[in-house]
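Counting starts at 1 for both ligands and their atoms, in listed order. Please read these numbers as outputs of a predicted model, since none were measured by experiment.
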Amino acid sequence: MIDLREEIVKILKKEIDLPEEEIREGVEVPKDEQMGDYSFPVFKLAKVFKKAPNLIAEEIAGKLEKGKFFEKIEPVAAYINFFVDQKSLTSEVLKEIYDKKELYGHSDLGKGKTVIVEFSSTNIAKPFHIGHLRSTVIGNSLYHIYKALGYDTIAINHLGDYGTQFGMLIAAFKMWGNKEEIEKDPINNFLDLYVRFNKLQEEDPSKRDLARDWFKKLEDGDEEAVELWQWMKDLSLKEFNKVYDLLGITFDSYNGEAFYSDKMPAIVEELKEKKLLKLDDGAQIVDLEEFGMTPSIVIKSNGTSTYLTRDLAAAKYRKDTYKFYKNIYVVGQEQKLHFRQWKKILELMGYDWANDCIHVDFGLISTEDMALSTRKGNVLFLEDVLNKAIEKTKEIIEQRNPNLENKDEVAKDVGIGAVIFQDLFNQRIKDYVFSWDRTLSFEGETGPYVQYTYARISSLLDKGKFNVDDNYNPDLLNSSEERALVKSLYDFPETIIDASEKYEPFFISRQLIEIARNFNKYYNQSPILVEDEELKKAKLALCYSVKNVIKCGLELLGINSPERM
Ligand code: ARG
């Protein structure tokens with residue numbers, strides 16, 4: 001498709017003696033639309049021209065040829081402003097969307113490159129709680145974004161399925177557990193066993209040995225220990241998959257911490273060979289003082305490995321197995337230090353690909369009403385939150401549109417979509433408060449608002465008997481509302497690239513809001529289904545284009561687009 005910045009570079013380079021790259025970087029989008037769609041500041045040229053910037057802008061602008069895509073080029077103060085030609089742009093953009101439909105903006109930019117996105121990474125035998133929402137939806141969106149850009153994309157769930165707590169669980173199960181009972185409500189029962197054993201340990205420290213022994217057995221491959229651990233893992237995954245199913249998420253690999261247990265000795269050996277290990281109070285550590293960080297423990301004084309050791313082994317395994325171009329970890333900011341230490345150690349080991357390992361962190365989520373749908377303790381299960389969202393959406397639909405077909409399916413798409421959209425609407429590093437009212441509102445910057453716009457267009461196309469094979473004349477789309485709408489569609493593909501470069505799905509959610517708002521303004525300002533058949537066809541062609549772009553954008557966020565709401 002036409003690249004307007006590139007067109008501007010072509011026009012400018014005839015008159016300006018700067019490297020193309022520099023011209024391209026100089027092109028800005030003015031805040032005030034009166035100043036055009038793009039502008040180029042000329043300050044940099046003052047040295048060469050030896051003139052006041054406004055005179056330079058005037059001189060250059062006077063000589064430029066505007067070409068096919070610009071209606072006018074004007075100097076204002078130190079800027080040269082470019083006004084896009086509406087007709088040419090509309091015809092280009094619509095043609096491109098008709099061609100690619102909901103794959104508009106997809107490309108083969110990443111062809112031949114592998115991107116790993118590790119996300120969700122839940123902990124076996126522990127609740128999949130609301131705190132995991134963020135990693136799960138941010139990661140899933142990044143996965144779709146990279147895929148859309150043609151990367152070979154691998155989704156990994158680095159399960160927390162290793163550690164002394166499994167020794168505790170097995171010991172507790174041996175004392176008090178009953179398989180049948182546990183299977184009725186696995187996670188809560190595991191939680192109970194865990195809490196109960198912890199208490200016992202505190203009262204009677206000798207019980208710690210019991211847990212340690214079971215963990216040792218597990219590590220050594222003892223049949224009973226492994227069987228129980230596998231049973232816990234299967235049960236937990238069955239529970240977790242209920243959430244992944246609701247969210248429509250699948251993984252390519254569930255290789256978690258335990259998977260790396262037999263790969264750790266080699267890493268420890270390598271660290272030793274590279275003289276990176278130091279003995280400290282019986283533990284083997286990597287001293288990171290000169291890099292301003294606390295030391296990292298690789299082997300504890302009791303001889304066991306750590307979370308960090310497993311992450312070192314995992315990184316190396318992933319490089320060997322996938323030859324990744326990027327290896328992304330979507331994990332909360334509370335693990336920032338861990339990932340800084342880990343990356344530094346990979347660097348010290350001499351791995352230049354350490355730089356391709358990226359910790360994508362994010363802020364905290366808190367809730368207004370913890371009481372709502374809590375099961376036990378203070379844990380808010382994500383499954384309960386999602387089901388509540390569906391239920392509440394169903395109530396809203398009953399009021400707004402009681403005759404809607406497939407109410408349950410729509411309530412699911414909208415309820416879940418609302419929760420995802422709210423999470424992805426801000427820069428990921430920002431904390432946010434989960435609010436039912438804001439999340440589920442059909443107005444404002446929400447998922448339901450975007451989905452509703454989509455459904456509105458869908459029924460408009462039906463009412464207007466839209467046919468994709470009909471010819472249309474894009475020149476008839478010349479109002480200022482149509483101009484703004486087309487421009488926001490034009491900008492969409494770039495937001496996918498921006499999102500991938502900054503690991504920020506919110507570029508896409510914001511652009512979707514922009515498009516939906518522009519559409520609704522357009523829709524409210526003048527009727528679409530007009531008498532004039534030619535005009536109606538052109539307008540419907542634009543509606544159809546908007547519909548495809550919304551669908552594409554929602555898919556990149558991991559959200560479905562129901563045809564009716
Ligand atoms: N399971 C961990 C947790 O819930 C997150 C794992 C993050 N990934 C990693 N490779 N360390 O905190």
Side-chain angles (χ1 to χ4, degrees), residues 115-140 142-143 154-166 168-169 187 190-191 194 229 232-233 236-237 239-241 243-244 249 251-261 263-264 267 286 293 296-298 304-322 324 326-346 351 353-354 356-365 378-383 423 428 503:
V115 171
I116 295 177
V117 187
E118 186 216 285
F119 61 101
S120 202
S121 302
T122 34
N123 299 319
I124 294 302
K126 292 214 182 128
F128 190 164
H129 58 83
I130 181 132
H132 293 111
L133 174 69
R134 306 219 61 197
S135 168
T136 306
V137 302
I138 295 169
N140 185 48
L142 290 177
Y143 172 81
I154 315 276
I156 298 184
N157 193 333
H158 186 79
L159 291 176
D161 54 1
Y162 199 82
T164 39
Q165 77 267 26
F166 289 97
M168 285 166 65
L169 268 176
I187 304 293
F190 289 141
L191 210 56
Y194 187 73
W229 170 84
M232 290 173 185
K233 195 164 154 172
S236 307
L237 272 179
E239 289 297 304
F240 297 169
N241 276 329
V243 177
Y244 295 133
I249 292 179
F251 292 93
D252 300 302
S253 161
Y254 287 89
N255 285 343
E257 295 187 43
F259 178 78
Y260 298 102
S261 66
K263 295 168 186 61
M264 285 188 289
I267 276 286
V286 181
M293 288 181 272
S296 284
I297 302 178
V298 176
T304 55
S305 63
T306 65
Y307 180 59
L308 177 105
T309 328
R310 293 188 281 282
D311 260 333
L312 291 171
K316 187 142 192 281
Y317 175 85
R318 289 182 193 175
K319 186 66 197 178
D320 293 344
T321 309
Y322 301 107
F324 59 71
K326 274 185 188 178
N327 177 24
I328 295 170
Y329 295 76
V330 187
V331 183
Q333 58 182 354
E334 53 303 339
Q335 294 196 31
K336 210 170 179 140
L337 177 62
H338 165 76
F339 281 106
R340 278 180 57 219
Q341 292 173 316
W342 159 85
K343 191 164 174 165
K344 182 49 86 186
I345 296 173
L346 289 174
Y351 293 127
W353 48 261
D356 308 325
C357 294
I358 295 131
H359 175 206
V360 170
D361 59 352
F362 49 82
L364 292 172
I365 171 170
N378 246 352
V379 191
L380 196 48
F381 282 67
L382 186 49
E383 189 188 343
D423 195 283
R428 58 184 154 73
Y503 317 105

Looking only at distances, can you tell me whether any N or O atom of Ser121, backbone or side chain, sits closer than 3.5 Å to an N or O atom of ligand 1?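 It does: an N or O of Ser121 is found under 3.5 Å from an N or O of ligand 1.
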
Using a plain distance cutoff, I'd like to know if Thr122 has any nitrogen or oxygen under 3.5 Å from a nitrogen or oxygen of ligand 1.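 It does not: no N or O of Thr122 is found under 3.5 Å from an N or O of ligand 1.
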
Nearest protein heavy-atom contact for atom 1 (N) of ligand 1: which residue, which atom, what distance?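 Ranked first by proximity to atom 1 (N) of ligand 1 is Asn123 OD1, 2.7 Å.
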
Tell me: protein heavy atom nearest atom 8 (N) of ligand 1, and distance?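 I find the closest protein heavy atom is Glu118 OE2, 2.8 Å.
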
If we set the cut-off at 4.0 Å for heavy atoms, which region of Tyr260 has an atom near ligand 1: side chain, backbone, both, or neither?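 Within the 4.0 Å criterion, Tyr260 makes no contact with ligand 1.
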
Measure up the Phe251 and Phe119 rings against each other and bin them: parallel (under 30°), tilted (30 to 60°), perpendicular (over 60°).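 Judged by the thresholds at 30° and 60°, the geometry between Phe251 and Phe119 is tilted.
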
Please verify the inter-ring angle class for His129 with His132; under 30° counts as parallel, over 60° as perpendicular, anything in between as tilted.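 The arrangement is tilted - the two ring planes meet at 30° to 60°.
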
Please say which of Asn140, Asn157, Asn241 ends up in a side chain to side chain contact (heavy atoms under 4.5 Å, CB included) with Ile249.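 Among Asn140, Asn157, Asn241, the one that satisfies the side chain to side chain contact (heavy atoms under 4.5 Å, CB included) with Ile249 is Asn140.
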
My understanding is that only one of Val360, Asp311, Ile358 makes a side chain to side chain contact (heavy atoms under 4.5 Å, CB included) with Tyr329; could you say which?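 Checked Val360, Asp311, Ile358 against Tyr329; only one passes side chain to side chain contact (heavy atoms under 4.5 Å, CB included): Asp311.
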
Basic-acidic side-chain contact under 4.0 Å: Arg428, Asp361: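 Looking at Asp361 together with Arg428, the answer is yes, because their closest N to O distance falls below 4.0 Å.
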
Can you list the atoms of ligand 1 that are under 4.0 Å from a heavy atom of [X]?
| X | result |
| --- | --- |
| His158 | 8 (N), 9 (C), 10 (N) |
| Phe339 | 9 (C), 11 (N) |
| Val331 | 7 (C), 8 (N) |

Determine, for Phe324 and Lys319, whether the Lys NZ or Arg CZ falls below 6.0 Å from the six-membered ring centre while staying within 45 degrees of the axis.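 The answer is yes; both the distance and angle limits are met.
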
Decide whether the shortest distance between a heavy atom of Gln335 and an atom of ligand 1 is less than 4.0 Å.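 Contact present.
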
Of the listed options (Tyr329, Trp342, Tyr307), which comes nearest to atom 7 (C) of ligand 1 when hydrogens are ignored and any heavy atom counts?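 The residue whose heavy atom sits nearest atom 7 (C) of ligand 1 is Tyr307.
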
Side-chain donor-acceptor pair under 3.5 Å between Tyr244 and Ser120, yes or no?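 Short answer, yes.
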
